[in-house]
Amino acid sequence: MPQHMLPPPLTSPDLLNATLADQGFAVLGSASVGALAGISLLDLKALEPSWNDLPPDQYLKDGGRYRRRRHASFEVTADQVRGMPHRAHWQPLSYNALHGGMQRWFEPMAPEVVQQAAWSQLLRWLARVACAAQGAQTWFTEAHQFRIDTTDGIGRPTPEGAHRDGVNWVAVFLVGRHGIKGGETRVFDMNSPRGQRFTLTEPWSLLLLDDSRVIHETTPIQPELEGGWRDTLVVTLRSGGFLDEPAP
């Protein structure tokens with residue numbers, strides 16, 4: 001890792017639940033993700049080509065062209081994944097001051113991705129982690145494939161700044177990064193000055209967040225090589241139902 005990057009504070013797999021309970025977030029290396037989820041790194045890497053086929057995000061209010069994404073929704077338990085009809089992504093302004101308050105219809109994730117066994121294994125594992133913390137239940141789950149690039153000279157992974165997502169749990173997988181600098185992750189405690197900053201560089205490493213206790217952001221990226229990009233998979237789990245626009 002380059003000297004100007006702070007390494008992530010990796011959690012031992014056997015301490016995941018305790019770390020989440022203690023500080024509201026944990027970071028796992030890819031080997032720990034694979035071991036806990038029961039997925040080989042090869043199977044995770046088989047998902048990666050789909051990030052090369054993400055359409056532009058048409059809803060960026062800052063006028064940028066640096067974000068591409070796809071979106072899908074599921075109902076997930078510890079042992080079952082059920083795909084849901086495609087739906088708009090919605091957040092209230094209180095959680096997303098820049099892009100909240102509007103229905104955003106992103107293109108759906110490709111069937112050949114969500115039908116892979118590794119995909120459902122990953123979601124079921126996240127549900128098991130959430131159930132261990134909050135009791136067995138169905139988790140209303142949204143998945144977002146992101147590519148942030150340097151088309152505009154700078155790319156903003158979180159243009160809304162430090163934020164919460166309005167869910168129970170947020171999983172941020174770094175899928176890959178190429179030809180960029182920046183992209184530092186920052187996590188802050190909601191009720192104290194405590195915070196940490198670090199840079200995820202290992203493909204399929206994971207930042208797992210208790211969204212009720214911490215806020216998070218990722219700093220902008222800049223090109224080191226032409227055509228630089230940063231790919232992530234963000235999975236949110238919410239109790240009780242999807243985050244929907246309230247009825248008028």
Side-chain angles (χ1 to χ4, degrees), residues 28-31 33-34 36-60 64-76 80-89 99 104-127 139-152 155-159 165 167 169-180 183 185 200-208 218 221 223 225-237 242:
L28 295 173
S30 62
V33 169
L36 290 170
I39 308 172
S40 75
L41 197 53
L42 278 177
D43 285 340
L44 287 172
K45 286 187 171 297
L47 302 172
E48 293 176 14
S50 60
W51 268 263
N52 295 321
D53 185 34
L54 303 182
D57 182 337
Q58 305 286 356
Y59 296 92
L60 285 172
R65 300 170 298 158
Y66 53 80
R67 185 157 76 180
R68 297 173 171 271
R69 69 193 293 179
R70 289 184 185 272
H71 172 244
S73 302
F74 308 86
E75 290 183 3
V76 186
Q80 187 176 19
V81 174
R82 189 156 69 99
M84 302 302 291
H86 194 51
R87 57 190 291 114
H89 178 55
H99 296 116
R104 290 183 285 168
W105 285 94
F106 300 113
E107 291 296 314
M109 288 181 62
E112 57 266 28
V113 176
V114 300
Q115 289 169 4
Q116 290 192 41
W119 177 255
S120 56
Q121 279 179 262
L122 201 63
L123 295 189
R124 290 198 307 271
W125 168 60
L126 292 173
W139 294 98
F140 297 84
T141 299
E142 294 188 60
H144 307 259
Q145 292 177 289
F146 287 103
R147 169 165 289 182
I148 307 299
D149 64 33
T150 52
T151 298
D152 297 332
R156 295 178 174 84
T158 53
D165 284 12
V167 297
W169 299 93
V170 180
V172 182
F173 294 89
L174 180 81
V175 177
R177 49 183 287 152
H178 169 74
I180 59 168
T185 295
L200 296 173
T201 59
E202 181 190 30
W204 295 102
S205 54
L206 166 66
L207 169 63
L208 188 57
T218 302
I221 62 171
L225 300 172
E226 188 174 349
W229 48 261
R230 180 179 184 269
D231 288 354
T232 55
L233 168 66
V234 177
V235 180
T236 63
L237 296 88
F242 289 105

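The first residue in the sequence is number 1, and the count goes up from there.
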Donor-acceptor contact below 3.5 Å, side chain T150 vs main chain G228: yes
Contact summary for V76 and F74, nearest pair of heavy atoms: CG2-CB, 3.7 Å
Listed partners of D53 passing side-chain contact (heavy atoms from CB on, under 4.5 Å), at least two apart: R70
Value rounded to 0.5 Å, distance of CZ in R230 from OG1 in T218: 4.5 Å
Stepwise side-chain contact (heavy atoms from CB on, under 4.5 Å) check, L60 with Y66: CA-CA 9 Å; L60 285 172; Y66 53 80; 3.8 Å; yes
Qualifying residues under side-chain contact (heavy atoms from CB on, under 4.5 Å), relative to A88, sequence neighbours excluded: Q103, W105
Any donor-acceptor pair under 3.5 Å from W51 side chain to T232 backbone: yes
Listed partners of S120 passing side-chain contact (heavy atoms from CB on, under 4.5 Å), at least two apart: V81, R124
From L36, L208, L207, residue fulfilling side-chain contact (heavy atoms from CB on, under 4.5 Å) relative to L28: L36
Separation between CZ of R67 and OG1 of T158, rounded to the nearest 0.5 Å: 9.0 Å
Minimum heavy-atom distance between P203 and S30, given as atom pair plus value: O-CB, 3.2 Å
Derivation and outcome, side-chain contact (heavy atoms from CB on, under 4.5 Å), residues W204 and V33: CA-CA 7 Å; W204 295 102; V33 169; 5.5 Å; no
For G155 against P157, the heavy-atom pair lying closest together: O-CD, 3.4 Å
Throw together a table of side-chain donor-acceptor distances under 3.5 angstrom for residues 109-117, partners on residues two or more places apart or in other chains.
unit_1 : atom_1 : unit_2 : atom_2 : d
Q116   : NE2    : E112   : O      : 3.2

Distance in Å, I180 CD1 paired with D149 CG, rounded so as to fall on 0.5 Å steps: 10.5 Å
Just list the side-chain donor-acceptor pairs under 3.5 Å for residues 141-148, sequence neighbours left out, or say none.
unit_1 : atom_1 : unit_2 : atom_2 : d
T141   : OG1    : W139   : O      : 3.1
E142   : OE1    : H71    : NE2    : 2.6
E142   : OE1    : H89    : ND1    : 3.0
H144   : ND1    : R69    : NH2    : 3.0
Q145   : NE2    : S50    : OG     : 2.9
R147   : NE     : D231   : OD1    : 2.7
R147   : NE     : D231   : OD2    : 3.4
R147   : NH1    : N52    : OD1    : 3.4
R147   : NH2    : N52    : OD1    : 3.0
R147   : NH2    : D231   : OD2    : 2.8

Which residues share a side-chain contact (heavy atoms from CB on, under 4.5 Å) with P108, sequence neighbours left out: H86
Inter-residue atom distance R68.CZ - E107.CD, 0.5 Å rounding: 12.0 Å
Spacing of L126 atom CG and F173 atom CZ [to the nearest 0.5 Å]: 4.5 Å
Residue of the set L174, V172, L122 for which side-chain contact (heavy atoms from CB on, under 4.5 Å) holds with L233: L122
Minimum heavy-atom distance G227-H178, with the two atoms named: O-CD2, 4.1 Å
